[in-house]
K.L.:
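Below is one structure. I have some questions about it.
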Amino acid sequence: MKLQDTLSNSEQELDVSKKVRIYLCGITVNDESHIGHARTIIVFDVLRKYLEEKGIEIEFIQNFTDVDDKIINRAQTENTTAETISTRYIENYFRDFDGLNVKRATNYPKATEHIDDIIKFIEKLIEKQIAYTSKNGVYFSVSKFPEYGKLSKKKIDELQSGARIEVDETKNDPLDFAVWKFSDIEPTWDSPWGKGRPGWHIECSAMSIKYLGENFDIHGGGRDLIFPHHENEIAQSESYTGSQFAKIWTHVGMVTINGEKMSKSLGNVKSIKHVLENWGPNIIRLFCLSGHYSKPIDYSEELLKENLTKWRQAEICYYELIHANSENHEETNSIIKKIGIEFDNALEADFNTHLVLSAFFQLVRECNRLAADEKLGKEHAKIIKAELDRMLEVLGLNIPEITENERHEINNLIKNREKFRKEKQFEEADKIRDKLNEMNVELIDHKENTIWMKKENIKAEK
RNA sequence: GGUACUCUGGCAGAACGGUUAUGCGUGGGCCUGCAAAGCCUAUACAAGGGGGUUCGACUCCCUCGGGUACCUCCA
């Protein structure tokens with residue numbers, strides 16, 4: 001598989017000959033997760049599911065930043081502890097992302113649970129004279145890492161002359177960044193240099209190396225993390241190990257609203273909770289995968305609606321396959337196979353999820369065509385369904401389960417309706433149809449028989 | 001101001017320099033008791049402007065312009 005690598009600014013081949021180790025920068029747990037977080041994490045979820053479907057072993061680490069100024073501020077405002085805040089939003093995180101059908105990472109390390117690792121990391125940097133202690137904390141000395149700027153393509157001197165870097169007399173160089181901040185405000189930890197808490201960037205360096213080794217395969221996150229977060233991670237980590245840090249840097253584009261980045265200051269944040277309630281997981285996932293991961297996508301009700309239309313087609317396809325029992329039969333195995341290959345090829349070529357979805361919907365349409373022509377035989381449907389299921393699995397899409405009782409009830413209602421229809425008592429028949437609609441069950445009248453589908457309940461549709 | 005990215009039909013969005021995909025939407029049809037859904041079919045002479053390279057450019061180069069992101073916390 002080829003992936004666009006931010007560091008080399010070119011496509012790099014992912015080595016899948018052994019276990020693939022992925023580190024994704026997770027969220028700072030100071031508020032509800034929003035649809036921008038969802039996109040990044042869904043992209044990596046599909047990447048991971050695809051590789052696993054191919055039988056490749058994955059070690060997938062995603063951190064929680066559970067100590068930072070915003071969390072502490074929020075704790076103060078709410079007159080509670082930082083831990084209460086971070087615990088609350090970690091719980092919310094899992095509520096949201098389980099709801100989005102995101103597979104859990106191998107591990108979700110938290111900064112506060114790795115203070116010892118972080119301290120050891122900093123000690124080594126000080127030992128190497130790359131970090132130094134000052135009045136306010138311990139700082140990383142950017143000038144000691146000549147390659148600083150290689151990820152974000154920034155030049156050190158331009159950064160220095162750049163307008164708005166805070167003037168801090170206690171730092172040797174305005175570009176130096178904190179790896180440890182002295183503080184008396186809880187939470188704090190003792191360190192060889194004084195009481196305080198870790199800087200933001202250091203946790204990812206310490207935890208990724210701890211869990212994945214010194215040079216793992218993919219390091220990812222949102223585009224907005226390239227600078228300074230990932231740039232600083234590289235500086236720290238490569239100074240620490242003396243060797244290359246992550247092999248491939250994969251960055252996911254922002255979710256925008258009316259062309260502007262979602263942000264609290266603009267007040268245009270769409271929480272996952274809210275969008276999930278209205279649109280459900282499948283439509284959100286389709287939306288998040290609708291463009292190339294490296295580019296921004298613009299959030300809009302129109303686009304979600306378009307994906308709702310598509311999702312209904314997929315649902316129908318699924319139920320056509322389940323109910324298939326046509327006598328006729330059309331040979332399409334080679335087409336199905338071809339679509340499957342297109343699906344995989346699109347993923348292999350820099351994870352082109354738009355083309356992946358094209359292939360997926362091509363399969364859906366092929367299947368619906370056969371059904372419309374009464375050419376979907378039972379055995380044949382099994383073959384198509386296997387491929388459809390595989391794609392659904394990789395994309396993380398989920399047809400809602402249906403219970404045996406429901407199935408019984410639906411079948412009985414349909415039988416009754418058929419009876420009424422034969423007797424030309426259409427009013428009665430339509431009543432049953434309406435009743436089924438209320439149960440989110442839609443009837444599809446074919447020439448020879450009627451099949452049903454249970455539609456996902458989408459609040460926004462109503 | 002610096003850096004990077006981006007500008008494709010009504011919308012979304014792809015494509016080794018050589019037939020301008022695909023989906024949504026829209027028109028028509030099939031099916032149906034009527035619907036719905038689905039299916040079939042039609043529909044867009046689309047590439048920010050201007051130059052250039054080339055037999056040929058959406059694709060490469062130059063230039064002008066618009067947009068976004070980052071340069072401070074941010075997925």
Side-chain angles (χ1 to χ4, degrees), chain A residues 6 9 24-28 30-31 33-44 62 65 68-70 149 152-155 157-159 161-166 175 177 200 220-229 231 251-256 259-265 269 287 290-292 294-298 300 302-303 305-310 312-313 315-317 319-320 346 349 352-355 357-362 364-374 420-422 424-427 429-430 433-434 437 442-448 450-453 455:
Chain A
T6 309
N9 200 19
L24 177 63
C25 278
I27 58 164
T28 303
N30 60 13
D31 209 340
S33 301
H34 58 67
I35 202 75
H37 300 121
R39 186 199 189 187
T40 301
I41 289 165
I42 286 169
V43 164
F44 273 81
Q62 184 183 322
T65 299
D68 91 318
D69 292 348
K70 282 182 185 164
S152 56
K153 322 291 177 222
K154 291 184 190 305
K155 303 223 163 31
D157 47 344
E158 281 170 2
L159 277 172
S161 60
R164 301 185 22 198
I165 291 163
E166 73 180 276
L175 290 183
F177 55 90
W200 175 36
R223 282 208 95 81
D224 52 353
L225 295 186
I226 294 174
F227 191 92
H229 186 53
E231 191 71 60
H251 289 104
V252 180
M254 298 293 102
V255 175
T256 61
E260 284 178 315
K261 182 180 162 183
M262 236 179 238
S263 75
K264 277 186 203 159
S265 51
V269 173
F287 166 73
S290 64
H292 193 267
S294 66
K295 292 184 179 176
I297 48 172
D298 203 51
S300 72
E302 287 70 31
L303 285 182
K305 213 167 181 176
E306 180 175 327
N307 283 299
L308 168 61
T309 306
K310 292 177 177 178
R312 292 298 185 217
Q313 294 170 355
E315 285 181 312
I316 286 164
C317 169
Y319 282 98
E320 291 285 9
N352 191 332
T353 52
H354 181 81
L355 290 179
L357 290 178
S358 288
F360 172 70
F361 284 108
Q362 208 182 320
V364 166
R365 212 150 30 82
E366 182 64 19
C367 168
N368 289 346
R369 200 206 95 223
L370 290 170
D373 291 352
E374 307 287 338
F420 285 126
R421 287 179 77 200
K422 279 209 180 103
K424 306 237 188 258
Q425 288 184 258
F426 296 122
E427 251 177 58
D430 287 352
R433 187 165 68 190
D434 292 343
N437 276 338
E442 187 163 311
L443 300 181
I444 301 155
D445 289 335
H446 285 301
K447 285 173 200 156
E448 288 161 19
T450 295
I451 72 153
W452 54 268
M453 64 178 274
K455 299 195 293 184

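Naming: A, B, ... by sequence-line order, numbering from 1 per chain.
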K.L.:
Picking from B/A37, B/G25, B/A75, which would you name as closest to the side chain of A/Thr309?
P.N.:
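For the A/Thr309 side chain, the nearest candidate turns out to be B/G25.
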K.L.:
When you measure from the side chain of A/Arg365, which nucleotide among B/C39, B/G33, B/C73 comes out closest?
P.N.:
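Out of B/C39, B/G33, B/C73, the nucleotide with an atom closest to A/Arg365's side chain is B/C39.
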K.L.:
In whole Å, what is the span from the CD atom of A/Glu306 to the P atom of B/G10?
P.N.:
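The answer, rounded to whole Å, is 15 Å.
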K.L.:
Select one nucleotide: of B/C34, B/C70, B/C24, the one nearest the side-chain heavy atoms of A/Gln313.
P.N.:
B/C24
K.L.:
Spell out yes or no: do the side chain of A/Lys70 and the base of B/C73 have one donor N/O and one acceptor N/O closer than 3.5 Å?
P.N.:
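Flag set: donor-acceptor pair detected.
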K.L.:
Once you apply a heavy-atom cut-off of 4.0 Å, does A/Arg369 come out as touching a base, just sugar-phosphate, or nothing?
P.N.:
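If one applies the 4.0 Å heavy-atom cut-off, A/Arg369 turns out to touch the sugar-phosphate alone, with no base involved.
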K.L.:
Looking across every strand, which nucleic acid part, if any, lies under 4.0 Å from A/Ile444 by heavy atom: base, sugar-phosphate, or nothing?
P.N.:
base
K.L.:
Could one point to a donor on the side chain of A/Asn307 or the base of B/G23 with an acceptor on the other under 3.5 Å away?
P.N.:
no
K.L.:
Which of the following nucleotides, B/A37, B/U22, B/C7, is nearest to the side chain of A/His354?
P.N.:
B/U22
K.L.:
Any idea which of B/A37, B/C7, B/A75 is nearest the A/Lys261 side chain?
P.N.:
B/A75
K.L.:
Give the nucleotide from the list B/G13, B/A14, B/C71 with an atom nearest to the side chain of A/Ile297.
P.N.:
B/G13
K.L.:
May I ask you to verify if any side-chain N or O of A/Ser358 is less than 4.0 angstrom from the OP1 or OP2 atom of B/A21?
P.N.:
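Result: no.
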K.L.:
Base, sugar-phosphate, or nothing for A/Asn352, non-hydrogen atoms under 4.0 angstrom?
P.N.:
sugar-phosphate
K.L.:
Can you tell me which nucleotide in B/A21, B/A75, B/G33 comes closest to the side chain of A/Asp430?
P.N.:
B/G33
K.L.:
Which one, B/A14, B/C70, B/C34, comes nearest to the side chain of A/Arg433?
P.N.:
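Nearest listed nucleotide: B/C34.
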K.L.:
Has A/Lys422 got a side-chain N or O lying under 4.0 Å from the OP1 or OP2 atom of B/G33?
P.N.:
no
K.L.:
Classify the nucleic acid contact of A/Leu24 as base, sugar-phosphate or nothing, counting any heavy atom under 4.0 Å across all strands shown.
P.N.:
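Touches nothing.
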K.L.:
Starting at CD1 of A/Ile42, measure out to NE2 of A/His37 and round the result to the nearest 0.5 Å.
P.N.:
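It comes to 12.5 Å.
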K.L.:
Can you tell me if A/Lys305 has over 12 outside heavy atoms packed within less than 6.0 Å of its NZ?
P.N.:
no
K.L.:
Can you find a donor-acceptor N/O pair under 3.5 angstrom joining the side chain of A/Asp445 to the base of B/A36?
P.N.:
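Between B/A36 and A/Asp445, which were checked side chain against base, a qualifying N/O pair under 3.5 Å is absent.
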K.L.:
Counting side-chain heavy atoms from CB outward, which of B/C71, B/U32, B/A37 is closest to A/Glu442?
P.N.:
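Nearest nucleotide to the side chain: B/A37.
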K.L.:
So if I take every side-chain heavy atom of A/Phe227 and compare against B/C24, B/C70, B/A75, which nucleotide ends up nearest?
P.N.:
B/C70
